[in-house]
Structures are given as structure tokens and as C-alpha cells.
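In what follows, chains carry the letters A, B, and so on, assigned in the order in which the sequence lines appear, proteins first and then strands, with residues in each chain numbered from 1.
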Protein chains: 2
Amino acid sequence: MTTTRNPDQTRATLLDAAFEEIFEHGFQGMRVDDVLARAGLKKGAFYHHFESKQALGYAVLNEIIGGFIGKRWTEGMVQGEDPIQALEDVIDKMESYAKPGKPFCGCPLNNVAQEMAPLDAGFQERIEQLFEGWIGVIAEAFARGQENGTIRKGIDPHGVAMFVVAAIEGCVGLTKASQDPGTFTRCREQLSGYLGTLRPNP
Amino acid sequence: MTTTRNPDQTRATLLDAAFEEIFEHGFQGMRVDDVLARAGLKKGAFYHHFESKQALGYAVLNEIIGGFIGKRWTEGMVQGEDPIQALEDVIDKMESYAKPGKPFCGCPLNNVAQEMAPLDAGFQERIEQLFEGWIGVIAEAFARGQENGTIRKGIDPHGVAMFVVAAIEGCVGLTKASQDPGTFTRCREQLSGYLGTLRPNP
DNA sequence: CCTCAGACAGACCAGTTGGTCTGTAGTTCC
DNA sequence: GGAACTACAGACCAACTGGTCTGTCTGAGG
């Protein structure tokens with residue numbers, strides 16, 4: 001057989017290529033032609049699967065980025081009894097986001113958020129949902145921690161979860177700004193210190 | 001006698017217009033024509049004062065953004081004896097960054113940082129310096145606080161200052177993502193809680 | 001006054017970009 | 001096995017974008 005057709009695979013290839021281009025250059029900086037070149041496809045394929053560049057952006061946000069966040073954080077935060085340990089474990093994995101030899105591009109979700117949230121209501125809506133979901137699973141873990149005694153009773157789980165997400169994104173963002181992995185290590189040390197203050201008083 | 005010429009003023013007008021456009025659309029999203037329209041000037045003026053779009057971006061970063069950070073934070077952090085109170089005061093002023101009726105665009109420095117740091121070494125270099133300066137004045141304030149008893153001895157001033165900047169940018173970033181000023185209020189509450197942990201143990 | 005360099009206006013250009021359109025080869029269904 | 005539909009290839013286009021260039025007016029210095 002010649003090259004067997006596989007529309008689902010083609011669409012997935014386009015999404016993956018688009019994700020990488022958006023991750024590196026931002027949504028506005030992403031060029032349709034570059035996505036096509038990376039995917040090894042042509043305009044025909046692109047506009048067969050996606051209505052527009054904007055539609056592709058939405059799809060990347062929903063399917064790739066949303067899927068990743070959902071998988072890593074939703075699964076990660078239900079591990080074990082101790083929410084702080086679960087957080088630390090998931091954050092551990094973030095250290096490997098940097099691709100050797102390439103500039104550190106930060107967090108895909110936050111990148112799109114900071115670029116597009118004020119510019120495009122469609123992006124903003126989905127971004128907000130993704131953050132809320134992310135914060136939600138952490139908040140729930142904190143609430144469970146308050147039950148099993150790993151987290152101090154006095155804190156507001158959702159408020160603290162929001163701040164934790166903000167702090168994580170801040171640390172990643174500073175690392176991206178400095179382009180130095182050491183920045184993340186140093187920031188993360190302080191973040192761990194803060195997380196320690198969430199434990200019950202001895 | 002007619003419209004008196006004033007090259008310095010013209011340049012400043014261009015910088016201000018460019019700052020606004022970059023603030024709203026990002027550097028890549030900023031269009032030279034839009035800057036000109038906002039400034040009420042033409043191509044001739046632009047390329048007389050600036051070599052390129054990139055050169056304008058550098059100038060905005062150095063002069064407008066760097067100038068603002070330097071003024072607000074360097075001056076703010078030497079006020080009074082208590083660094084935490086000084087921080088709270090400067091953060092208070094940030095609540096007014098939102099322009100009524102317009103989408104909330106976050107922090108100009110962080111916007112450019114997240115967009116351009118991995119893409120352009122010239123931007124990255126200056127961004128890093130601005131962050132380091134910002135972190136520096138906070139770290140120095142913490143160190144003074146350790147002397148005068150307002151800050152706990154055990155902390156690493158520079159490490160904590162870095163985390164504080166990260167946390168602030170994280171809170172602003174989440175607010176931008178949600179496009180809801182209430183997000184900043186809630187995040188900021190937790191940030192204040194964290195800052196409280198930096199005080200000496202009673 | 002009279003240069004002459006500086007400070008712009010504004011027409012113009014070449015390359016880029018998102019998007020369209022026609023053609024054609026697989027696929028499926030009967 | 002032949003419609004009919006799907007999944008692309010790839011040429012093409014109009015709009016946009018950063019940047020250039022020439023001309024003109026201003027104002028400072030001689």
C-alpha cells in the first residue's frame with residue numbers, strides 16, 4: 001500500500017506541531033507555514049482540519065495544553081495522603097521541562113494566558129477554565145489534607161491553592177526571564193518553605 | 001512659529017505610544033503603523049528616531065519600563081523601617097494598574113519577559129537586569145529589616161526577594177488570565193500571609 | 001541673509017501571511 | 001466496480017508589514 005490515509009493522525013500531527021510553534025513563538029508569533037513545515041503537510045491539510053489559525057489555537061489550548069494539565073495535575077494531586085508531598089512531586093517533574101540546547105520557554109498555559117487573555121475572549125474563557133480546574137484539584141487536595149491532618153485547619157484551601165498556582169507560574173516565569181535553570185531551583189526552595197507553613201502547628 | 005519642532009518630545013511621544021501598543025498587544029503583536037497612528041506621526045519620524053522596530057522595543061524596555069520599575073520600586077522600598085509594610089504599600093498601588101473599560105494587561109515587564117526572553121538575546125539581557133535590580137532593592141530592604149528587627153534573621157534576603165517578585169508576578173498573571181480584579185485581591189491576601197511569616201517569631 | 005544639517009511627511013516597495021480554490025487520489029458504500 | 005465523499009496537494013491571491021527613499025520645511029550658525 002502507498003501512504004495509507006489517517007485523518008485523525010494528520011490532525012494530531014498538526015496539533016503537535018502547532019503546540020511546539022506556539023510554545024516557542026507565542027500564538028501571534030506562530031506562523032501557519034512553519035507549523036506545516038514542521039508537520040510535513042500542506043495548506044490543504046491544514047484548512048481541511050481547521051477553520052482558521054485561531055481555531056487551531058483554540059484546539060491546541062483545549063486538547064494539548066488542557067489535556068496535559070488535566071493528566072499531570074489531576075492525577076498527581078490525588079497521589080498519597082499528603083498534598084504538600086504531592087505538590088512537590090509534580091513540581092519535581094517540571095524541572096525537566098527545559099529542552100537541552102534550546103531556550104527555556106516556560107509554561108505553555110501561562111504563555112498563552114499572558115499573551116492572549118486580554119486580546120481574545122475565546123482564549124480567555126478557556127484559559128480561565130483551565131486555571132480554575134488546576135486550582136480546584138489542588139484546593140481539593142488541601143481540603144482532604146485538612147481532614148487527615150497533613151494541612152493546617154486555619155487556611156482557606158481555594159485561596160491558598162490559587163496562590164500556590166500563582167507562585168509556581170511566577171517561579172517558572174522568572175526562570176524564563178533569566179534563562180537560567182538555577183533560578184527555578186532557588187525560587188522553588190522558597191516555595192517549599194512557604195508550603196511548609198501550611199502544615200499544622202506542632 | 002507654526003508647530004514648533006521638538007525632536008526630544010517627538011521621540012518621547014513615539015516611546016509612549018509604543019509602550020501602550022506593546023503593553024496591549026505584545027511586542028510581536030505591536031504594529032509600527034499603529035504606533036504611528038497613536039502618536040500622530042509618520043514613518044519618516046519613526047525611522048529618523050529609531051533604527052528598527054526592534055530598536056524601539058529595546059528603547060521602550062530600557063527607558064519606559066526600566067524607568068518605571070526603578071522609580072516605583074527603588075523609591076518605594078527605602079520608605080520607612082519596615083520592608084513588609086513598604087512592600088504592601090507598593091503592591092497597593094498596583095491595584096490601580098487596571099484601566100477601566102479596557103482588559104487588564106498585567107505587568108509590562110513580565111509581558112515582554114514571557115514573550116521575548118527566549119526569542120531575542122537583546123531583550124533577554126535587559127529583562128534579566130531589570131528583574132535583578134528589582135529583586136535587589138527588595139533584598140536590601142529585607143537585609144535592613146533583619147538589622148532593625150522587622151524581619152526574621154533566619155531567611156535568605158535575596159532568595160526570599162526573588163520568590164516575592166515571582167509571587168507578585170504570579171498573582172498579576174493569574175489576574176490577567178481571569179480578567180477579574182477580584183483574583184488579585186484574593187491572591188494578594190495569601191501573599192500578605194506569606195510576608196507575615198517573614199517576621200521574627202514572637 | 002544664507003547655508004546646511006536635522007526633523008519630519010508621505011509615497012513607495014518587496015517580502016510575508018493567512019486564507020482560498022481547484023485538482024486529484026484514497027475510501028467507503030452499495 | 002463505480003459513485004460519492006473525504007483527505008489532502010499545491011498554486012494562487014489580497015492584505016498587511018517593516019522598511020526605504022526622496023522631498024520639504026525648520027531652525028541654528030556664520
Side-chain angles (χ1 to χ4, degrees), chain A residues 1-61 63 112 115-116 119-123, chain B residues 1-61 63 112 115-116 119-123:
Chain A
M1 282 297 156
T2 61
T3 50
T4 288
R5 274 186 170 170
N6 193 339
D8 291 344
Q9 176 61 46
T10 300
R11 195 186 125 94
T13 303
L14 282 167
L15 278 178
D16 286 342
F19 168 78
E20 294 292 338
E21 290 293 324
I22 292 174
F23 190 36
E24 289 176 17
H25 302 102
F27 175 73
Q28 298 181 100
M30 174 267 279
R31 305 297 156 187
V32 175
D33 283 347
D34 292 343
V35 172
L36 265 355
R38 190 189 278 257
L41 292 164
K42 304 291 177 177
K43 283 281 176 71
F46 187 97
Y47 286 96
H48 177 72
H49 288 281
F50 301 99
E51 214 177 287
S52 64
K53 179 184 174 182
Q54 189 190 44
L56 173 72
Y58 290 175
V60 167
L61 190 53
E63 302 176 37
V112 181
E115 180 187 5
M116 299 306 296
L119 294 180
D120 185 301
F123 274 106
Chain B
M1 269 312 142
T2 63
T3 51
T4 287
R5 273 186 170 170
N6 192 340
D8 291 345
Q9 177 60 47
T10 299
R11 196 186 123 94
T13 303
L14 282 168
L15 278 178
D16 286 341
F19 168 78
E20 295 291 340
E21 289 292 325
I22 293 174
F23 189 37
E24 288 177 17
H25 301 101
F27 175 73
Q28 298 182 99
M30 175 266 282
R31 305 297 155 186
V32 175
D33 284 347
D34 292 342
V35 172
L36 266 353
R38 189 188 280 257
L41 293 165
K42 304 291 178 177
K43 283 279 174 72
F46 186 98
Y47 287 96
H48 177 73
H49 287 282
F50 301 98
E51 213 177 287
S52 64
K53 178 184 175 181
Q54 189 191 44
L56 173 72
Y58 289 175
V60 167
L61 190 52
E63 301 174 38
V112 181
E115 180 187 4
M116 299 306 297
L119 294 179
D120 184 303
F123 274 106

- [ ] Classify the ring geometry between Phe19(B) and Phe23(B) as parallel (under 30°), tilted (30 to 60°) or perpendicular (over 60°).
- [x] parallel
Task: Arg38(A) with Glu21(A): basic N within carboxylate O range, under 4.0 Å - done: yes
- [ ] Give a yes/no on whether any side-chain N or O of His49(A) is located under 4.0 angstrom from OP1 or OP2 of dC8(D).
- [x] yes
- [ ] Name the residue closer to the 5' end of DNA chain C, choosing between Gln28(A) and Gly44(A) according to the nucleotide with the nearest heavy atom.
- [x] Gln28(A)
TODO: Report the distance from atom CG of Leu56(A) to atom P of dT17(C), rounded to the nearest whole Å.
DONE: 16 Å
TODO: Return the nearest nucleotide to the side chain of Lys43(B); candidates are dA11(C), dA11(D), dC8(D).
DONE: dA11(C)
- [ ] Ignoring the backbone of Arg5(A), work out which of dA25(C), dG10(D), dA7(C) is nearest its side chain.
- [x] dA25(C)
TODO: With the side chain counted from C-beta on, respond yes when Phe50(B) and Val32(B) share a heavy-atom pair under 4.5 Å apart, and no when they do not.
DONE: no
Task: Spacing between Phe46(A) atom CZ and dC21(C) atom P, to the nearest angstrom - done: 17 Å
Open item on the list: Whole angstroms only, please: what is the CG-C1' distance between Leu14(A) and dA7(D)?
Closed with: 12 Å
- [ ] For atom CD of Glu51(A), decide whether the heavy atoms of other residues, nucleotides or ligands shown that lie under 6.0 angstrom number more than 12.
- [x] no
Task: Donor-acceptor pair present, Arg31(A) side chain and dT16(C) base, under 3.5 Å - done: no
- [ ] Mind checking the CD-CG spacing from Glu20(B) to Leu15(B)? Nearest 0.5 Å is all I need.
- [x] 12.0 Å
Open item on the list: Measuring to OP1 and OP2 of dC8(C), would you say a side-chain N or O of His48(B) lies under 4.0 angstrom away?
Closed with: no
Open item on the list: If I take atom NZ in residue Lys42(B) and atom P in nucleotide dG19(D), what distance separates them, rounded to the nearest angstrom?
Closed with: 19 Å
Task: Residue Thr10(A), side-chain heavy atoms: nucleotide from dC8(D), dC8(C), dG6(C) that is nearest - done: dC8(D)
Task: Among dC8(C), dA9(C), dT20(D), the one nearest Tyr47(B) by side-chain distance - done: dT20(D)
Task: Between P of dT17(C) and NE2 of His25(A), the distance in whole Å - done: 11 Å
- [ ] Using whole Å, report how far CG of Asp33(B) lies from P of dA9(C).
- [x] 13 Å
Open item on the list: Tell me whether the side-chain N/O atoms of Lys53(A) come closer than 4.0 Å to OP1 or OP2 in dG18(C).
Closed with: yes
Open item on the list: Can you measure Phe50(B) atom CZ to dG18(D) atom P for me and round it to whole angstrom units?
Closed with: 15 Å
Task: Rounded interatomic separation in angstrom, taking CD from Gln9(A) and C1' from dG26(C) - done: 17 Å
